[in-house]
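See below for the structure under consideration.
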2 protein chains.
Amino acid sequence: MSATARVPAHDEMPAGKAESVLAAAEQCFLASGFGAVSMDAIARAAGVSKATVYAHFASKEALFGAVVTRLSERRFGGFSVDALDPRAVEASLTTIAQRFLELILSPEAIALNRIIIGEITRFPVLGEVFWAAGPERTRAQTEAFLGRVAEAGALAVPDARLAAEQFLALARGEIHLRHLLRLDGDIDAATVGGAARHTAATFLRAFSSG
Amino acid sequence: MSATARVPAHDEMPAGKAESVLAAAEQCFLASGFGAVSMDAIARAAGVSKATVYAHFASKEALFGAVVTRLSERRFGGFSVDALDPRAVEASLTTIAQRFLELILSPEAIALNRIIIGEITRFPVLGEVFWAAGPERTRAQTEAFLGRVAEAGALAVPDARLAAEQFLALARGEIHLRHLLRLDGDIDAATVGGAARHTAATFLRAFSSG
DNA sequence: GTCTATACAGTGATAGAC
DNA sequence: GTCTATCACTGTATAGAC
């Protein structure tokens, strides 16, 4: 055995060791959850010693919280439907459903959702963090869009918030739970497109102004 | 079954220690998940020694699998909508949505769902067990009911399977995820009733035969 | 701050007496 | 089958050198 220190291959970011610990912890936790990952494994993946990990994060729980919070905000922060045309109702609704499905069915989002749900008893606050970054944001965006649609007179939407919840529930369908349970493989573009069209069609029938 | 009047010393465990281990493990796993529960804690809760636990279950994993399988089937086996009238569409759909919500939002079902999702990476087969006992069963029941409704001409349902999925997705809404994330307290009868009525009303607008 | 080495508690699982 | 006592191992967290 050589005494030379092993340098991790993809440590190209000059953001310091704290960042590399955080990145390594992200990958480990997403892959295996909280309980199955040891601080040794995280330190090894980050290319630092365990003492260095503890120099930046007080405990495994604190590190987990930091990882989940950052991941939630980074993952769902980009969802926006501001640019869609409220007069092309069916096309825009189909696009919203498709973007929503691609977001929540992405491997990273599914893995994040799994570990939060699984550890919610131990980390109750993470539920609120995740909700604010994810479902709350997508719902608010959709609600605002439906408000613009109603203003344009293209649909009859007496309660935009309820309608947005129902639209997203329809889009989520049973696919989301099937992915959480590992019953379906990776996302298929055709399947997502079909689900998005079914969602928009059913929603339109229920809320058409005629 | 003997006719002799032989009174056991303790009425607490009429079904033997294997059953009491299973019952204790159910409570422990539901309360804290897989990783946070030790075999010592289960043995203590069952009132037996750890060696007795291992005399009946080969490993912690095997015990966990037995618990989850039994719980899934016991919990969701009773869901049936055979007795509902397909001509009283709105009332029957509201009842289905209400029963469905009461089932999936019950504390036991939520806790079961949590630990399965959280440990699905370690126990992939449990996803199939849970799906067959829960979502698959409720969907098949609802689909059969919608088939009878379409036969009676009360609704236009070209694809009963898709319609059943959409109906249950609408019923699940965002409440289910909020409960999984511990964001809502125990179920409120008025809230469930309201959600069930909204579900039935929206579904009826989308699938009315007129 | 970062490393090596280690303290200390807790875990799953088993041996042997009864 | 059931118990008590114990094993081998892994985990988190820390002490002390540099």
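Note that the coordinates shown come from a computational prediction; the quantities given were computed from them, not determined experimentally. First the proteins, then the strands, lettered A, B, ... as listed; each starts at 1.
- In this entry the distance linking CZ of B:Arg44 with P of D:dC3 reads 14 Å, nearest Å.
- Rounded to whole angstrom, the span from the OH atom of A:Tyr54 across to the C1' atom of D:dG16 amounts to 18 Å.
- Phosphate contact (OP1/OP2 of D:dT2, side-chain N/O of B:Ser49, threshold under 4.0 Å): absent.
- Residues A:Ser106 and A:Arg75 bring a donor and an acceptor atom of their side chains to less than 3.5 Å of each other.
- Contact record, A:Arg114 with A:His179: NH2-O, 3.1 Å, taken as the closest heavy-atom pair.
- Nearest to the side-chain atoms of A:Lys17 among the listed nucleotides C:dA13, D:dA13, C:dC3 stands C:dC3.
- B:Lys50 comes within contact range of at least one nucleobase, with a heavy-atom separation under 4.0 Å.
- In the set D:dC3, C:dG12, D:dA15, D:dC3 carries the atom at the smallest distance from any side-chain atom of B:Val48.
- Note on A:Ser38: only backbone sugar-phosphate atoms sit closer than 4.0 angstrom, heavy atoms only; bases stay farther off.
- Going from atom NZ of B:Lys60 over to atom C1' of C:dG10 covers 11 Å, rounded to whole Å.
- Heavy-atom minimum distance, A:Thr94 versus A:Ala196: O-CB, 3.6 Å.
- Across all strands, A:Val37 comes closer than 4.0 Å only to sugar-phosphate atoms, never to a base (heavy-atom distances).
- For A:Ser59, whose side chain is taken as the heavy atoms from C-beta onward, the closest listed nucleotide among D:dA13, C:dT14, D:dT2 is D:dA13.
- To the nearest angstrom, C1' of C:dA13 lies 11 Å from CD of B:Glu61.
- A:Leu63 places its CG atom 16 Å from the P atom of D:dG11, with the value rounded to the nearest Å.
- The CG atom of B:Asp40 sits 12 Å away from the P atom of D:dT4 (whole-angstrom rounding).
- Taking the side chain of A:Ala55 as heavy atoms from C-beta on, and the options C:dA13, D:dA13, C:dT2, the nearest nucleotide is C:dT2.
- Residue A:Ala51 places its side chain closer to D:dT14 than to any other of D:dT14, D:dA13, C:dT2.
- Computed from coordinates, the B:Met39 CE to C:dT14 P distance equals 10 Å when rounded to whole Å.
- In this structure, A:His56 places its NE2 atom 7 Å from C1' of C:dG1, rounding to the nearest Å.
- The line from CG of A:Leu105 to CZ of A:Arg172 is 9.5 Å long, rounded to the nearest 0.5 Å.
- The ring of A:Phe130 has its center closer than 6.0 angstrom to the ring center of A:Phe76.
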